[in-house]
Amino acid sequence: MQLTDSARFALEAISSHRQRSFLTLLGIAVGIAAVILLTSIGEGVHRFVLSEFTQFGTNVIAVSPGKVKTGGQPPSGIPTTSRLLTLEDADALRKLPNVTGATPTVWGNSEVHGNGRVRRTTIYGVDADFPKVFSSTVNIGSFLPREGSGYARAQVVLGSKLRQELFGAKNPLGARVRIGGLSFRVIGVMAPKGQFLGIDLDDTAYIPAERALELYNRDGLMEIHVTYKEGVSSASVATPVRDRLILRHGHEDFTITTQEDMLATLSNILDILTMAVGALGGISLLVGGVGIVTIMTISVTERTNEIGLLMALGAYRRTILYLFLGESIILAALGGIFGLLLGIGLAQLIAMAVPALPVHTPLSFAASALVLSAGIGLVAGVLPARRASRLDPIEALRAE
Amino acid sequence: MQDDAASLISLHGLERTFYLGDSKVQALRNVDLHISPSEYIAVMGPSGSGKSTLLNMIGLLDRPDAGTYLLEGRDVTTLKPDEQAKVRSERIGFIFQSFHLIPRLTAAANIELPLVLAGVPAAERARRVKQALQEYGLTDRAHHLPNQLSGGQRQRVAIARATILRPAVLLADEPTGNLDRATGEEVVRLLEALNAQGMTLIVVTHDQALGARARRQLRMEDGRIVSDASDVGDVSAAATGSSG
Ligand SMILES: Nc1ncnc2c1ncn2[C@@H]1O[C@H](COP(=O)(O)OP(=O)(O)OP(=O)(O)O)[C@@H](O)[C@H]1O
Ligand SMILES: [Mg+2]
């Protein structure tokens with residue numbers, strides 16, 4: 001028997017019981033739709049979170065002081081052997097091969113006075129490499145210039161929100177602002193950057209790291225961010241960074257976190273999350289599979305006569321096995337296609353109704369949903385189809 | 001003894017016993033039978049005498065507990081199930097009392113079924129089905145479902161299906177049992193016409209008049225062939241049927 005003929009025979013058997021077949025494949029459809037919908041939401045959240053993190057670029061390595069990842073400074077007064085991260089460390093890292101920039105980072109919260117107004121905002125102490133490292137761009141004026149160590153003029157670059165709040169439409173370039181008692185001259189305004197996990201990245205001011213250390217009365221940097229050439233592996237940069245700092249500090253009293261590692265870890269967690277919600281939808285798929293077993297068992301019983309006839313007409317036992325297996329697979333696959341459309345439709349509907357909830361259905365999910373449903377059909381059909389193929393032809397022909 | 005080589009069908013000492021719980025039914029007891037090509041045989045006897053069992057044996061739907069069955073000189077009792085299926089497909093046609101048409105398939109599709117199972121290409125199938133529909137006067141019923149056909153038409157579809165692969169043996173188990181006398185006559189004439197073309201015809205029947213039309217009559221009782229009479233009027237049948 002040719003494959004196309006077997007498929008047609010199975011399809012005719014399915015369509016001879018329209019309502020029953022539809023209800024059975026609906027069971028699979030609901031399961032597939034649930035899996036598609038839930039994994040689409042999971043994948044949407046995944047992509048959303050990753051894009052939040054990658055907006056700064058992925059080729060960034062962060063160096064923070066202290067070996068353990070507790071963060072912060074050792075309690076004051078207790079002598080510590082760990083050296084602080086310094087501006088000189090940042091300068092040294094900048095000279096390493098493949099490194100395209102390194103910015104020292106210090107941050108704090110201060111009131112900014114300017115144009116007769118006051119606003120409390122986040123102050124970042126950085127240097128000229130900052131826009132490169134964090135993929136930021138300057139809107140008007142220029143960013144902080146590169147200056148010789150030990151000398152950094154009191155200049156400030158405003159975030160777009162801060163500029164708006166203090167100066168409105170007025171040109172702020174050249175104006176003087178006071179930050180925590182120190183006076184700075186505005187030399188630029190950043191382009192809007194939006195939000196990161198709910199934090200406004202535009203309600204900021206950037207001053208030289210040296211000035212920030214002074215402002216917050218600190219001896220060491222909070223972090224150094226190193227950026228490197230695209231296409232170079234993070235490990236091949238992280239190792240020289242570590243070696244150089246160990247050379248400078250005598251031992252490893254700092255922690256290196258590559259953006260790549262962090263993203264990979266995050267991505268793994270989010271993948272597990274997507275799989276977990278997908279498995280939840282899989283339970284309804286299981287119920288749909290049981291429905292197929294039931295209906296195929298009933299079908300074999302109803303068509304015992306037909307099976308006997310096929311044997312009398314010279315059908316091989318395996319032909320009968322394939323016919324019923326094919327029927328089960330086609331039934332489940334049709335349910336899968338229907339469920340796929342249902343799931344994608346629902347996902348689109350949710351995306352329209354709740355734009356805040358990110359939804360995304362990758363093609364690979366759709367393809368695996370179809371393969372999965374056909375697989376369920378195969379497994380569900382095995383027992384009924386085997387029973388059909390093992391019937392005794394005479395008994396089958398005599399059955400009423 | 002009959003010459004096995006000249007026979008189409010040779011049965012030697014065929015036994016078949018059914019067990020139902022503790023009771024045991026001997027449906028066939030030591031059956032010996034030789035059938036030559038293009039014979040026309042009626043099998044008669046009381047209910048439960050083993051007529052259908054004998055037909056199922058010849059049609060390779062059942063296996064004997066003992067004895068041998070040679071079909072065209074080849075021992076088919078020991079064949080594997082798939083080999084038996086192939087023999088059924090190529091050499092044997094079945095006609096049943098209850099027609100056994102597949103209800104969801106049209107008359108044409110029912111007739112086409114043996115060709116589909118045998119893997120005949122679609123174009124060749126269409127040609128042969130068209131011809132069969134014509135031969136059996138079913139052309140205008142080709143796309144009707146079985147429940148839209150009369151009993152006589154259904155049995156004609158069943159006969160067309162049984163003969164579409166030109167089998168050597170046509171086995172009919174009470175083919176007129178569900179039909180009125182006139183329609184039954186019509187069906188029997190169709191079967192006899194096929195026999196006249198050279199197909200060996202074996203008909204199980206309770207109808208004396210119908211049985212009398214066959215050139216050779218077997219009578220069964222309690223699993224045994226108790227009489228095997230050839231119509232002396234028909235010399236050629238007698239010559240090939242019981243001597244030689
Ligand atoms: N599958 C079976 N299981 C048990 N007993 C069976 C089976 N098939 C046939 N028999 C028994 O074997 C005997 C012969 O049955 P068979 O069907 O061959 O009779 P028959 O001559 O065709 O009768 P009828 O004229 O009523 O069709 C009967 O006693 C029947 O009960
Ligand atoms: Mg019978």
Side-chain angles (χ1 to χ4, degrees), chain A residues 1-22 295-296 298-324 326-327 330-331 386-400, chain B residues 16 18 27 52-63 80-106 109-122 124-125 145-147 158 161-165 167 171 173:
Chain A
M1 196 163 177
Q2 294 170 1
L3 189 66
T4 48
D5 291 323
S6 309
R8 193 164 47 90
F9 191 88
L11 209 58
E12 277 166 353
I14 289 169
S15 56
S16 70
H17 292 281
R18 274 172 215 286
Q19 190 183 354
R20 187 168 94 182
S21 301
F22 177 73
I295 222 67
M296 286 310 295
I298 292 173
S299 183
V300 168
T301 308
E302 280 177 352
R303 284 156 63 194
T304 303
N305 246 290
E306 174 185 326
I307 295 163
L309 172 78
L310 291 176
M311 288 175 172
L313 294 182
Y316 297 133
R317 282 176 187 272
R318 64 167 183 278
T319 302
I320 291 175
L321 181 82
Y322 294 158
L323 284 178
F324 280 89
E327 202 171 314
I330 291 174
L331 201 58
R386 262 171 44 150
R387 200 164 69 87
S389 71
R390 288 178 181 182
L391 284 176
D392 174 53
I394 299 168
E395 301 281 347
L397 279 168
R398 279 153 54 119
E400 271 315 309
Chain B
R16 181 69 168 107
F18 292 107
S52 295
T53 306
L54 177 65
L55 220 60
N56 290 337
M57 283 298 169
I58 294 173
L60 288 173
L61 286 177
D62 201 358
R63 281 172 187 271
K80 293 193 194 75
D82 274 1
E83 293 169 328
Q84 289 196 334
K86 198 165 157 59
V87 174
R88 278 202 296 275
S89 163
E90 290 171 354
R91 309 306 292 155
I92 293 163
F94 285 96
I95 292 157
F96 307 93
Q97 180 177 356
S98 54
F99 319 130
H100 280 312
L101 301 180
I102 295 182
R104 64 171 181 280
L105 299 181
T106 62
N110 267 288
I111 294 172
E112 191 186 16
L113 209 49
L115 298 170
V116 173
L117 287 170
V120 175
E124 167 77 1
R125 288 197 317 243
L145 292 175
N147 63 14
R161 179 181 65 190
T163 55
I164 191 108
L165 279 169
L171 304 172
D173 198 344

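Note that these values count all heavy atoms, side chains included, but never hydrogens, waters or copies made by symmetry. Convention: sequence-line order gives letters A, B, ...; per-chain numbering from 1.
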State, to 0.1 Å, how close A:E306 and B:I102 come at their nearest heavy-atom pair, and which atoms those are. CG-CD1, 3.6 Å
Which residue is it: B:L115, B:I92, B:L113? I am looking for the one with a side chain to side chain contact (heavy atoms under 4.5 Å, CB included) to A:L313. B:L113
Per-residue contact mode, B:N56 against chain A (heavy atom under 4.5 angstrom): side chain
How about A:F9 and B:L105: do any of their side-chain heavy atoms sit closer than 4.5 Å? yes
Can you measure from CG (A:D392) to CG (B:D62) and round to the nearest 0.5 angstrom? 7.0 Å
Side chain, backbone, both or neither: which part of B:L165 has an atom under 4.5 Å from a heavy atom of chain A? neither
Need one label for B:V120: side chain, backbone, both or neither, based on atoms under 4.5 Å from any heavy atom in chain A. backbone
Does B:E124 have more than 12 heavy atoms from other residues, nucleotides or ligands lying within 6.0 Å of its CD? yes
Using a cut-off of under 4.5 Å for heavy-atom pairs, which of B:L60, B:V87, B:V116 has the most such pairs with chain A? B:V116
If you compare all heavy atoms of A:Y316 against all heavy atoms of B:D82, which two are closest, and at what distance to 0.1 Å? CE2-O, 3.1 Å
What option among A:R317, A:M311, A:R318 has the most heavy-atom pairs under 4.5 Å with chain B? A:M311
With a 4.5 angstrom heavy-atom cut-off, which part of B:R125 approaches chain A: side chain, backbone, both or neither? side chain
With a 4.5 Å heavy-atom cut-off, do A:L309 and B:R161 have their side chains touching? yes
Distance-minimising heavy-atom pair for A:A13 and B:R104: CA-NE, 3.5 Å
Where is the tightest heavy-atom contact between A:A312 and B:F96, given as atom of each residue plus distance? CB-CZ, 4.1 Å
How long is the span from the CD1 atom in A:I394 to the CZ atom in B:R63, to the nearest 0.5 Å? 11.0 Å
